[in-house]
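Along the sequence shown, the residues carry numbers beginning at 1. One-based numbering, in listed order, for ligands and for the atoms of each.
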Amino acid sequence: AKAERRGTFRFFEPEMNARIQARRTLERELREALNTGALELFYQPLLNLRENRINACEALLRWRHPERGFVSPAEFIPIAEETGLIAPIGEWVLREACREAATWPGEIKVAVNLSPVQFRQQSLVPAVVSALANAGLDPSRLELEITESVLLADSDANLAVLHRLRNLGVRIAMDDFGTGYSSLSYLRTFPFDKIKIDQSFVRELGVNRHCAAIVRAVAGLGADLGITTVAEGVETAAQRDHLQHEGCDEMQGYLFSRPLPVADLRQLIAATEQA
Ligand code: C2E
Ligand code: CA
Ligand code: CA
Ligand code: CA
């Protein structure tokens, strides 16, 4: 049995080396991408369900890879986090998103995703301050999206950073709400401005009656606590109607718009005529 196990290990070794090699290549290319402008932000609107207006746009990273086309953030963010590249990338995202938002009508906010790893960097709060100042953007127009993992690890230190950010006048949103172990208890820990109901609940609206009950409960909770609720991943008119009925404040998803390059987003904003 022992020999067998050793054999198994040897069998996987080349495959593992190949994987490590591929990761190193990706890391080198990602570093290059940051320096050569191959990273780009797309923006996806969050629509107010009652007034049919764009309330905010979420910045979503895209990497235009020379050979592989667009590489998904789901693939390269984890590598950026492991290698520390997330710090310069995250600061670039903040600067870029604030600058872009400053060109939009004043009532449209910009949402930026923060990795839990960014909370370990002393530079996070100063980076937010300088991104706002350089763009001349009012802090109230910036929403920072975090997941529960920020409050899970190093929670005391991270909580202090979150308070410092919120004291700047920036809004804090809890992303992927309902997917973690203790989503509810975090609402008690920190005064979030917004809850984003994870798309897994939205997807099964009308299919799984538990999802409808959960969405209704979260929308009610948000209303009682004075927290804006957003449904993510809204793809059908039936889902939208359902969310509207349950009292959700905002929706985001392919039904209204996919994430768009800046030029297309500006066109959409102009066409939606917010004035
Ligand atoms: P997320 O923050 O939960 O973003 C929502 C994801 O759902 C985005 O995927 C978006 O394109 C996708 N989506 C939006 N509407 C729909 C829909 O109707 N149906 C479906 N099936 N999907 C929809 P994306 O752009 O691939 O981003 C994936 C994740 O990568 C994000 O999840 C976020 O966690 C991370 N990410 C993206 N940009 C950044 C960034 O600048 N910084 C950090 N730290 N993370 C980022
Ligand atoms: Ca997000
Ligand atoms: Ca999300
Ligand atoms: Ca997510």
Side-chain angles (χ1 to χ4, degrees), residues 30 33-34 38-47 54 56-65 69-101 109-121 124 127-128 131 142-150 158 171-180 183 192-205 218 228-240 242-243 250-262 264-265:
L30 186 55
L34 178 64
L39 294 184
E40 191 175 328
L41 290 180
F42 276 32
Y43 294 89
Q44 188 180 36
L46 280 69
L47 203 71
I54 298 175
C57 300
E58 178 177 4
L60 293 161
L61 255 177
R62 296 292 180 264
W63 175 10
R64 253 182 235 278
H65 190 281
F70 279 113
V71 181
S72 160
E75 193 176 335
F76 70 82
I77 295 280
I79 293 173
E81 289 176 335
E82 280 170 34
T83 55
L85 273 174
I86 193 69
I89 290 176
E91 288 177 18
W92 176 81
V93 170
L94 279 165
R95 264 198 318 277
E96 190 68 16
C98 289
R99 231 164 31 109
E100 177 57 26
K109 304 177 186 75
V110 67
V112 170
N113 292 286
L114 290 186
S115 152
V117 177
Q118 287 177 270
F119 279 78
R120 280 186 233 141
Q121 251 97 41
L124 177 59
V128 171
L142 178 61
E143 284 179 354
L144 298 175
E145 300 193 356
I146 63 154
T147 53
E148 312 187 340
S149 50
V150 166
N158 288 355
R171 295 160 50 87
I172 309 290
M174 186 186 277
D175 207 349
D176 303 345
F177 186 81
T179 56
S183 300
F192 287 93
D193 298 287
K194 182 175 267 191
I195 297 172
K196 300 188 79 174
I197 304 171
D198 190 68
Q199 45 190 66
S200 57
F201 298 104
V202 176
R203 202 173 305 131
E204 286 184 41
L205 272 179
V218 176
T228 305
T229 50
V230 190
E232 295 190 294
V234 181
E235 295 184 353
T236 70
Q239 290 167 345
R240 179 202 51 211
H242 204 132
L243 292 160
E250 298 178 3
M251 70 162 194
Q252 177 179 9
Y254 296 168
L255 175 67
F256 180 66
S257 172
R258 289 183 173 261
L260 300 172
V262 276
D264 295 356
L265 177 82

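Of the listed residues (Val202, Val93, Asp175, Ile86), the one carrying the non-hydrogen atom nearest atom 2 (O) of ligand 1 is Asp175. Of all the listed residues (Gln252, Glu235, Glu232), Glu232 holds the heavy atom that lies closest to atom 5 (C) of ligand 1. With Ser115, Ser200, Pro259 as candidates, the residue nearest to atom 44 (N) of ligand 1 on a non-hydrogen basis is Ser115. Considering only non-hydrogen atoms, atom 24 (P) of ligand 1 lies nearest to Pro73 out of Pro73, Ala231, Ala80.
Geometrically, ligand 1 and Asn113 share a nitrogen or oxygen pair separated by less than 3.5 Å. Checked by distance only, ligand 1 and Gly253 stay at 3.5 Å or farther apart across all their nitrogen or oxygen atoms.
Relative to the six-membered ring of Phe70, Arg62 misses at least one condition, a distance below 6.0 Å or an angle of at most 45° to the axis.
Interatomic distance, NZ of Lys194 versus CE of Met174, reported as 14.5 Å (0.5 Å rounding). Taking CD from Glu81 and CD1 from Ile79, the interatomic distance works out to 10.5 Å, rounded to the nearest 0.5 Å.
Under 4.0 Å from ligand 1, not a single heavy atom of Val112 appears. Counting heavy atoms under 4.0 Å from ligand 1, residue Gln199 touches it through the side chain alone. With a heavy-atom cut-off of 4.0 Å, Ile77 touches ligand 1 through its side chain alone.
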Criterion side chain to side chain contact (heavy atoms under 4.5 Å, CB included) on Thr179 and Thr147, from CA distance to verdict: CA-CA 9 Å; Thr179 56; Thr147 53; over 6 Å; no
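Look at Asp175 and the Ca ion (ligand 3): an N/O/S atom of the residue is under 3.0 Å from the metal. Among the backbone and side-chain atoms of Asp176, an N/O/S atom is found under 3.0 Å from the Ca ion (ligand 3). Taking 3.0 Å as the threshold, Glu232 does not count as a candidate ligand of the Ca ion (ligand 2), since none of its N, O or S atoms lies below it.
Annotation: side chain of Lys109 is not in contact with side chain of Leu46 (no heavy-atom distance under 4.5 Å).
The shortest heavy-atom distance from Arg203 to ligand 1 is not under 4.0 Å. At a 4.0 Å cut-off, at least one heavy atom of Arg62 sits close enough to ligand 1 to count as contact. Within the 4.0 Å heavy-atom cutoff, Glu58 counts among the residues contacting ligand 1.
If you number the atoms of ligand 1 from 1 as listed, the ones under 4.0 Å from a heavy atom of Val234 come out as 18 (O). Annotation for ligand 1: atoms under 4.0 Å from non-hydrogen atoms of Asp176 are 3 (O). Remark: ligand 1 atoms within the under-4.0 Å shell around heavy atoms of Gln44 are 14 (C), 15 (N).
Between the Gln239 side chain and the Thr236 main chain, a donor and an acceptor come within less than 3.5 Å of each other. Here the side chain of Glu148 pairs no donor or acceptor atom with the backbone of Phe177 at under 3.5 angstrom. For the pair Asp193 (side chain) and Ile172 (backbone), a donor-acceptor distance under 3.5 Å is present. Put simply, the side chain of Glu96 never gets that close to the backbone of Trp92: no donor and acceptor are under 3.5 Å apart. In this structure a side-chain-to-backbone donor-acceptor pair under 3.5 Å is present from Asn158 to Val150.
Classification of Glu143 and Lys196 as a salt-bridged pair fails, no side-chain N sitting under 4.0 Å from a carboxylate O.
Partner of Asn113 under the side chain to side chain contact (heavy atoms under 4.5 Å, CB included) criterion, chosen from Leu60, Ile77, Val93, Leu61: Leu60.
The nearest N/O/S atom of Glu58 to the Ca ion (ligand 2) is OE2.
Here the angle at the Ca ion (ligand 2) defined by OD1 in Asn113 and OE1 in Glu145 stands at 90°, rounded to 10 degrees.
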